[in-house]
Amino acid sequence: MPELPEVETVRQGLLKRALRRRLAAVEVYHPQVIAGQASEFAQNLAGRRIESVTRKGKVLALELVGKNGATPCYLMVRLGMTGQLTVVPQEMPLEPHTHVRMPFEKSGAEIRYRDPRRFGRLRYCSREQLDQVFASLGPDAPEITPEDFFRSMKGRRGAIKGWLLNQRILSGLGNIYADEALFEAGIHPLAQPGRLAQTAARRLYRAVKKVLARAVALQGTSFRDYIDIEGQPGNFQPRLKVYQRTGEPCRRCGRAIRRIVVCGRSSHFCPKCQPRTHHLTAASPVRAARQRLPRRKSAGL
DNA sequence: GCAAGCCTGACC
DNA sequence: GGTCAGGCTTGC
């Protein structure tokens with residue numbers, strides 16, 4: 001699952017393999033992965049040259065300029081769950097679920113977008129539109145200051161796990177690194193951000209940065225689908241302490257790792273290293289009742 | 001049937 | 001505004 005370390009690895013790969021390349025053409029095989037009109041997307045990008053590749057959180061942005069050096073435009077990429085961007089020889093047979101091809105001019109290579117579950121999106125946009133999307137995201141997780149981090153926790157009563165996953169607060173964490181950071185900090189996924197002790201909040205701040213830095217250094221984590229630009233998997237899997245290790249012994253204390261669902265996401269934690277303190281154990285009766293009843297669909301009724 | 005990121009919409 | 005469930009999708 002591409003989270004910040006995986007997206008950053010892809011960005012670095014694009015810098016190496018796609019920078020200053022001109023797109024000879026843009027072919028879309030599955031318009032569903034394009035935000036907006038696929039024909040417009042293809043027409044606007046074809047013939048342009050990749051000038052830079054930036055990232056905020058899990059969002060990638062390729063800056064492209066036309067031949068006349070007119071206003072640059074942007075190719076925004078969200079990989080979703082199973083999205084893969086690769087740079088491969090044009091003659092390489094198309095893998096199943098390849099939705100977009102962008103062959104380079106004067107090079108035998110091309111960029112391909114493949115995405116079996118099609119949760120990812122490619123979007124053609126202006127600088128203003130890109131800025132809008134970036135502005136809607138909280139600070140990139142490795143960049144967030146302690147002041148912003150602690151301020152955003154104030155008064156928050158929902159689960160810390162959901163808080164870490166909220167891209168408007170800080171951007172880049174997904175399920176893997178949220179679980180890993182909470183383990184690193186010794187905090188239970190249901191703890192309340194606004195009620196964390198100062199020491200715990202500080203541990204979490206450091207844990208987020210540490211876990212992400214390590215994962216970036218190891219080119220990310222590959223579960224099923226993630227690969228980098230060259231098709232290589234990441235190397236962080238052996239360093240995972242809790243994620244997808246339900247029932248296995250904690251690497252710190254030996255207790256069996258547990259799995260619970262928090263905010264609809266599976267959450268893995270060590271019951272001994274991440275004790276259930278600093279949060280209300282009693283749910284309010286109203287909320288408990290709401291959770292018991294499946295909500296009715298609003299459409300179609 | 002579950003996993004995931006992101007969006008929408010319901011509820012307080 | 002905060003919070004969270006549900007839906008999308010398909011390979012395992």
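Note on naming: letters A, B, ... go to the chains in the order of the sequence lines (proteins, then strands), and numbering restarts at 1 for each one. Keep in mind the model is a prediction, meaning the values are calculated, not measured.
When rounded to the nearest whole Å, the span between CZ of A:Arg168 and P of C:dC4 equals 16 Å. Between A:Leu164 atom CG and C:dT3 atom C1' there is a gap of 15 Å when expressed in whole angstrom units. For the pair A:Ile160 CD1 and C:dG2 P, the interatomic distance rounds to 15 Å; values are reported in whole Å. A straight line from CD1 of A:Ile169 to P of C:dG2 spans 8 Å, rounded to a whole angstrom. Taking atom NZ of residue A:Lys154 and atom P of nucleotide C:dG2, one finds them 14 Å apart after rounding to whole Å. Rounded to a whole Å, the CZ atom of A:Phe119 is 9 Å from the P atom of C:dT10. For the pair A:Met76 CE and B:dC7 C1', the interatomic distance rounds to 14 Å; values are reported in whole Å. Between the CG atom of A:Leu122 and the C1' atom of B:dC6 there is a distance of 15 Å, given to the nearest Å.
Residues from residues 257-269 of chain A with heavy atoms under 4.0 angstrom of DNA chain C, sorted by number: A:Cys263, A:Gly264. Contacts with DNA chain B (heavy atom under 4.0 Å) in residues 4-13 of chain A: none are found.
Proximity of A:Arg117 to the phosphate of C:dC8: no side-chain N or O atom is located under 4.0 Å from OP1 or OP2. Considering only side-chain N and O atoms, A:Arg78 lies under 4.0 angstrom from the phosphate OP1 or OP2 of B:dC7. The side chain of A:Arg118 places an N or O atom within less than 4.0 Å of a non-bridging phosphate oxygen (OP1 or OP2) of C:dT10. Residue A:His97 has a polar side-chain atom (N or O) positioned under 4.0 Å from OP1 or OP2 of C:dG11. At C:dC8, none of the side-chain N or O atoms of A:Gln32 fall inside 4.0 Å of OP1 or OP2 (strictly under the cut-off).
For A:Tyr124 and A:Phe41, the ring centers sit 6.0 Å or farther from each other.
Side-chain contact between A:Thr98 and A:Arg114: present, with at least one pair of heavy atoms (C-beta onward) separated by less than 4.5 Å. The shortest distance between side-chain heavy atoms of A:Glu105 and A:Leu23 does not fall below 4.5 Å.
Partners of A:His99 by ring-ring contact (aromatic ring centres under 6.0 Å, His included), not counting sequence neighbours, listed by chain and number: A:His30. Applying the side chain to side chain donor-acceptor pair (under 3.5 Å) test to A:Glu91 and every residue at least two apart in sequence or in another chain returns nothing. In this structure, the ring-ring contact (aromatic ring centres under 6.0 Å, His included) partners of A:Phe236, at least two apart in sequence or on a different chain, are A:Tyr177.
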Tell me which donor-acceptor pairs under 3.5 Å the side chains of residues 246-260 of chain A have, and how far apart each pair is, sequence neighbours excluded?
from     : atom 1 : to       : atom 2 : distance (Å)
A:Glu248 : OE1    : A:Arg245 : NE     : 3.3
A:Arg251 : NE     : A:Leu240 : O      : 3.2
A:Arg251 : NH2    : A:Leu240 : O      : 3.3

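Side-chain contact, A:Asp228 with A:Thr9: no donor N or O sits under 3.5 Å from an acceptor N or O.
A:Gln167 places a side-chain N or O within 3.5 Å of a backbone atom of A:Leu173 that can act as its donor or acceptor partner.
Considering only side-chain atoms of A:Asn175, the nucleotide from B:dG5, C:dG11, B:dC6 that sits closest is B:dG5.
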